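What you see is a predicted model; the values in this text were computed from it and never measured.
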Amino acid sequence: MSKIIEALNCKCPNCKNGKIFKNGGNVLLVKIPTMNERCPECNYKFERETGFFFGAMFVSYALAAAQMIASLVVFWYFIDLSPLLVFAIIAITAFLTSTTNFKLSRSIWIYLFY
């Protein structure tokens with residue numbers, strides 16, 4: 001359970017103290033989170049090889065799909081909003097969670113291959 005919490009907090013899988021990302025990014029300013037090349041605490045290299053984070057796109061896709069499906073179920077079936085409004089809510093949700101999904105998907109991907 002501690003590994004899941006560390007992955008969600010984007011901590012280094014080697015020392016559990018260093019941060020994977022330099023900054024968190026900002027979706028409203030269209031700034032992607034910047035990742036450290038190495039852990040500032042233990043010097044662990046996060047990108048194991050060129051193109052290592054290509055697979056993190058699939059994790060990001062799964063996270064986004066789960067969020068969109070959850071939004072659909074809550075706002076359409078339980079709250080009974082119109083389909084157009086539900087679509088708008090899902091689009092806004094996907095946009096606002098994009099930087100979080102980016103960080104989480106890379107962190108999960110690193111932990112999968114540690």
Enter the distance from [X]:[atom1] to [Y]:[atom2] here, rounded to the nearest 0.5 Å.
| X | Y | atom1 | atom2 | value |
| --- | --- | --- | --- | --- |
| Phe113 | Glu49 | CZ | CD | 9.5 Å |
| Ile20 | Tyr111 | CD1 | OH | 6.0 Å |
| Asp80 | Leu85 | CG | CG | 11.0 Å |
| Trp76 | Ile90 | CH2 | CD1 | 8.5 Å |
| Lys3 | Ile108 | NZ | CD1 | 14.0 Å |
| Phe46 | Cys10 | CZ | SG | 10.0 Å |

Taking every non-hydrogen atom, the tightest pair across [X] and [Y]:
| X | Y | result |
| --- | --- | --- |
| Leu63 | Ser105 | CD1-N, 4.1 Å |
| Cys42 | Asn14 | SG-ND2, 3.4 Å |
| Phe21 | Arg106 | CZ-CB, 4.0 Å |
| Ala94 | Met68 | CB-CE, 3.9 Å |
| Pro13 | Ile110 | CG-CG2, 3.5 Å |
| Ala7 | Leu104 | O-CD2, 4.3 Å |

query = Given the rule that I, L, V, M, F, W and Y join up when any side-chain heavy atoms are under 4.5 Å apart, are Phe87 and Ile89 in one cluster?
reply =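 In one cluster: no.
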task = Flag yes if Met57 and Val59 sit in one hydrophobic cluster, no otherwise; membership is Ile, Leu, Val, Met, Phe, Trp, Tyr, and two members link when side-chain heavy atoms are under 4.5 Å apart.
result =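 In one cluster with Met57: Val59, no.
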For [X], does the [atom1] atom sit with more than 12 other heavy atoms under 6.0 Å from it, leaving out its own atoms?
| X | atom1 | result |
| --- | --- | --- |
| Lys16 | NZ | yes |
| Phe52 | CZ | yes |
| Ile32 | CD1 | no |

key: Donor-acceptor contact present, side-chain Thr97 to main-chain Thr93, <3.5 Å   =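 Yes; at least one donor-acceptor contact below 3.5 Å.
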ask   = Is there a donor-acceptor pair under 3.5 Å between the side chain of Asn23 and the backbone N or O of Thr34?
value =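 Yes; judged by distance alone, with no hydrogens or angles, the pair exists.
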message = Going by the rule ring pair (Phe, Tyr, Trp, His ring centres under 6.0 Å), which residues pair with Tyr114 if we only count those two or more places apart in sequence or in a different chain?
response =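 Only Tyr44 meet the ring pair (Phe, Tyr, Trp, His ring centres under 6.0 Å) criterion with Tyr114.
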Phe53 and Met35: CA distance, side-chain angles, deciding distance, side chain to side chain contact (heavy atoms under 4.5 Å, CB included) verdict = CA-CA 11 Å; Phe53 291 111; Met35 197 172 159; 3.1 Å; yes
